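To keep things clear, I will list the structure first and then write my remarks on it.
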Amino acid sequence: MITASPGARITPAPGAPAGDWRQLWREAITDGAELLALLGLPELAAQLPPADAGFALRVPRGFAARMRHGDPRDPLLLQVLPQLAELDQVPGFVADAVGDMAAREAQGVLHKYHGRALLIASGSCAVNCRYCFRRHFPYGEEMAAAGQWRQALEHVRQDATIGELILSGGDPLALSTSKLDELSRGLADIPHVTRLRIHTRLPVVLPERVDDAFGAWLAALPLQKVVVLHANHANEFDAGVDAACARLRQASATLLNQSVLLRGVNDDADALAALSERLFAAGVLPYYLHQLDRVQGAAHFAVDDARALALLDAVRARLPGYLVPKLVREVGGEPSKRPL
Ligand SMILES: *Cc1c(COP(=O)(O)O)cnc(C)c1O
Ligand code: SF4
């Protein structure tokens with residue numbers, strides 16, 4: 001094996017002006033062999049599934065730069081690297097694992113739980129996470145942002161029980177800040193909506209997205225704001241992510257994190273405790289630790305419930321209660337996420 005020189009390490013592409021998140025988005029790595037070569041693991045390329053297996057590799061260079069060089073078990077690499085195991089048909093792992101198609105009420109609106117409606121704001125993500133339900137969701141027809149949010153906002157306007165609007169996806173921060181501004185202007189005359197929650201992985205995988213314009217938009221929103229980040233491992237954090245979190249907090253957002261329990265990535269007590277500590281250092285509280293959605297192609301990440309509960313007990317025994325996430329599973333048709 002050829003040992004890569006430090007010069008072969010991944011750095012953001014030269015010439016990209018710092019803060020230009022769209023350019024960084026476009027420059028993401030989409031070729032598995034390129035990623036593996038950059039990490040000094042070219043021999044693993046022979047184990048990649050065929051490129052047309054349905055859900056392409058996609059990872060921003062800045063996120064790849066946080067992977068350990070030469071480590072095929074790196075917890076960030078395992079989240080994004082396509083595996084042959086994804087092609088296995090495993091009983092119980094299906095395309096629409098959480099009943100999203102049944103909960104659809106208007107274009108891009110999912111209304112499953114009392115008091116909060118979820119808008120599928122965007123079908124795009126800067127990163128393709130291998131465990132994600134999104135690989136099977138028919139986003140083409142389901143985007144709330146299509147048509148200036150009109151249909152989605154009309155649904156919210158008609159239902160005064162909706163106090164909280166959740167932007168999800170895909171990643172809602174894939175939208176331009178001006179598109180988000182169209183939404184917030186549309187919300188201005190819906191007085192029963194008092195909270196806006198944004199579920200996003202972008203501040204972690206492409207922290208440049210939290211730029212001046214976005215910070216200004218968020219700060220000016222006349223609503224309570226919650227941003228739920230999606231980080232699964234402490235190594236996903238670096239100074240850029242810390243800066244993005246600081247900016248979100250300066251815009252008066254409450255910061256929470258949800259993770260997915262993933263075999264080989266974060267299924268040990270040390271990793272989970274380190275994640276909680278690292279989140280808090282960035283000003284983020286752990287919210288949910290999700291049992292994996294039983295999505296076709298993700299079975300190799302599954303951790304059984306007994307182990308999951310034992311892991312949480314171990315975390316609880318060493319961290320303050322506010323750093324212990326709630327272990328939940330999403331079950332179609334239930335009135336909330338189900339605690340384990
Ligand atoms: C998960 C989810 C929510 C949010 O649930 P919380 O328990 O409030 O975090 C809301 N709507 C839908 C459709 C969801 O899947
Ligand atoms: S929706 Fe979230 S978990 Fe799924 S690919 Fe996008 S960023 Fe990853």
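Just the heavy atoms: all of them, side chains too, but no hydrogens, waters or symmetry mates, feed the values below. Values in this document were obtained by computation on a predicted structure and should not be read as measured data.
Once rounded to the nearest 0.5 Å, the distance linking CG of Leu312 with CZ of Arg307 reads 12.0 Å. One finds the CG atom of Asn232 at 9.5 Å from the CG atom of Leu261 (value rounded to the nearest 0.5 Å). Atoms CG and CZ, on Leu77 and Arg68 in that order, are 10.0 Å from each other to the nearest 0.5 Å. Atom CD1 in Ile166 sits 9.0 Å away from atom CG in Leu119 (nearest 0.5 Å). Between the OG1 atom of Thr254 and the CD atom of Gln224 there is a distance of 7.0 Å, given to the nearest 0.5 Å. Note that the CG atom of Leu183 and the OG atom of Ser178 stand 12.0 Å from one another [nearest 0.5 Å].
Looking at Trp149, its side chain does come within 3.5 Å of a backbone N or O of Lys179 through a donor-acceptor pair. A side-chain donor-acceptor contact under 3.5 Å links Asn257 to the backbone of Ala231. Side-chain N or O atoms of Glu34 include none that pairs as donor or acceptor with a backbone N or O of Asp31 at under 3.5 Å. Side-chain N or O atoms of Ser184 include one that pairs as donor or acceptor with a backbone N or O of Asp181 at under 3.5 Å. The main-chain N or O of His230 is found under 3.5 Å from a side-chain atom of Arg201 such that the two form a donor-acceptor pair. A donor-acceptor pair under 3.5 Å is absent between the side-chain atoms of Arg130 and the main chain of Gln79, judged by distance alone. Asp88 contributes no side-chain N or O that, together with a main-chain N or O of Val90, makes up a donor-acceptor pair within less than 3.5 Å. Panel note: side chain His192, backbone Val156; a donor-acceptor pair is recorded below 3.5 Å. Here the side chain of Arg247 pairs a donor or acceptor atom with the backbone of Val210 at under 3.5 angstrom. Looking only at distances, a side-chain donor or acceptor of Asn266 sits under 3.5 Å from a matching main-chain atom of Val260.
Few gaps surround CD on Glu334; more than 12 heavy atoms of other groups in view lie less than 6.0 Å from it.
Considering every non-hydrogen atom in both Arg58 and Ala28, the closest pair reads NH2-CB, 3.6 Å. Between Lys337 and Pro339, the shortest heavy-atom distance links the atoms O-CD, 3.4 Å. Taking both residues in full, the closest heavy atoms of Ala314 and Ala269 are given as CB-CB, 3.7 Å, listed atom of the first, atom of the second, then distance. In plain terms, the two heavy atoms of Trp25 and Ser124 that are nearest each other are CZ2-CB, 4.0 Å. Across Val303 and Arg263, no two heavy atoms sit closer than the pair CG2-N, 3.7 Å. Between Ala64 and Ile29, the closest heavy-atom pair is CB-CD1, 4.1 Å.
When the side chains of ILVMFWY residues are joined at heavy-atom separations under 4.5 Å, either directly or via intervening members, Val324 and Val228 end up in a single hydrophobic cluster. Linking ILVMFWY side-chain heavy atoms closer than 4.5 Å, directly or via other members, places Tyr288 and Leu319 in a single hydrophobic cluster. If you chain together hydrophobic residues whose side chains sit under 4.5 Å apart, Leu292 and Leu340 never meet in one group. No continuous path of hydrophobic side-chain contacts links Tyr131 to Met67 [ILVMFWY only; heavy atoms under 4.5 Å]. Hydrophobic clustering (side-chain heavy atoms under 4.5 Å, transitive across Ile, Leu, Val, Met, Phe, Trp, Tyr) keeps Val127 apart from Phe301.
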### Steps toward side-chain contact (heavy atoms from CB on, under 4.5 Å) verdict (Asn235, Arg66)
CA-CA 7 Å; Asn235 292 4; Arg66 292 171 234 159; 5.8 Å; no

### Task
With side-chain contact (heavy atoms from CB on, under 4.5 Å) as the test, would you mind laying out the steps for Val59 and Leu76 before giving the verdict?
CA-CA 10 Å; Val59 58; Leu76 280 56; over 6 Å; no

### Task
Step by step, work out the side-chain contact (heavy atoms from CB on, under 4.5 Å) result for Leu173 and Leu180.
CA-CA 8 Å; Leu173 296 197; Leu180 294 169; 4.0 Å; yes

### Query
Could you walk me through whether Arg116 and His114 pass the side-chain hydrogen bond (donor to acceptor under 3.5 Å, both in side chains) check?
CA-CA 6 Å; Arg116 52 241 198 258; His114 179 79; over 6 Å; no

#### Entry: Verdict with supporting geometry, Val80 and Asn128, side-chain contact (heavy atoms from CB on, under 4.5 Å)
CA-CA 6 Å; Val80 303; Asn128 282 347; over 6 Å; no

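Ring planes of Trp217 and Phe214: tilted class, angle from 30 to 60°.
You'll find the side chain of His290 reaches within 4.5 Å of the side chain of Val328, heavy atoms only. Ile120 has its side chain within reach of Leu110: a pair of non-hydrogen atoms, C-beta onward, lies under 4.5 Å apart. Looking at heavy atoms from C-beta onward, Asp293 lies in side-chain contact with Glu330 at the 4.5 angstrom threshold. At a threshold of 4.5 Å between non-hydrogen side-chain atoms, the residues Leu167 and Leu196 count as touching. Residues Ser259 and Leu289 meet the side-chain proximity criterion, which asks for heavy atoms closer than 4.5 Å. Annotation: side chain of Leu35 is not in contact with side chain of Thr30 (no heavy-atom distance under 4.5 Å). You'll find the side chain of Ser176 reaches within 4.5 Å of the side chain of Arg22, heavy atoms only. Ile190 is not listed as a side-chain neighbour of Leu165, based on a closest heavy-atom distance of 4.5 Å or more.
The residues Asp313 and Arg316 are annotated as salt-bridged, a charged nitrogen and a carboxylate oxygen being separated by less than 4.0 angstrom. The pair Asp270-Arg318 counts as a salt bridge, with a side-chain nitrogen and a carboxylate oxygen less than 4.0 angstrom apart. Ion pairing between Arg209 and Asp211 holds under the 4.0 Å rule for side-chain N and carboxylate O. Using a 4.0 Å cut-off between charged side-chain N and carboxylate O, Glu182 and Arg185 make no salt bridge. Salt-bridge check for Asp305 with Arg329: passed, with a basic side-chain N closer than 4.0 Å to an acidic carboxylate O.
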Side chains of residues 277-287: which donor-acceptor pairs under 3.5 Å do they make with residues two or more places apart or in other chains?
residue : atom : partner : partner atom : Å
Arg278  : NH1  : Asp242  : OD1          : 3.1
Arg278  : NH2  : Asp242  : OD1          : 3.2
Arg278  : NH2  : Asp242  : OD2          : 2.7

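Arg197 and His199 are linked by a side-chain donor-acceptor pair at a separation below 3.5 angstrom, with hydrogens and angles left out of the test.
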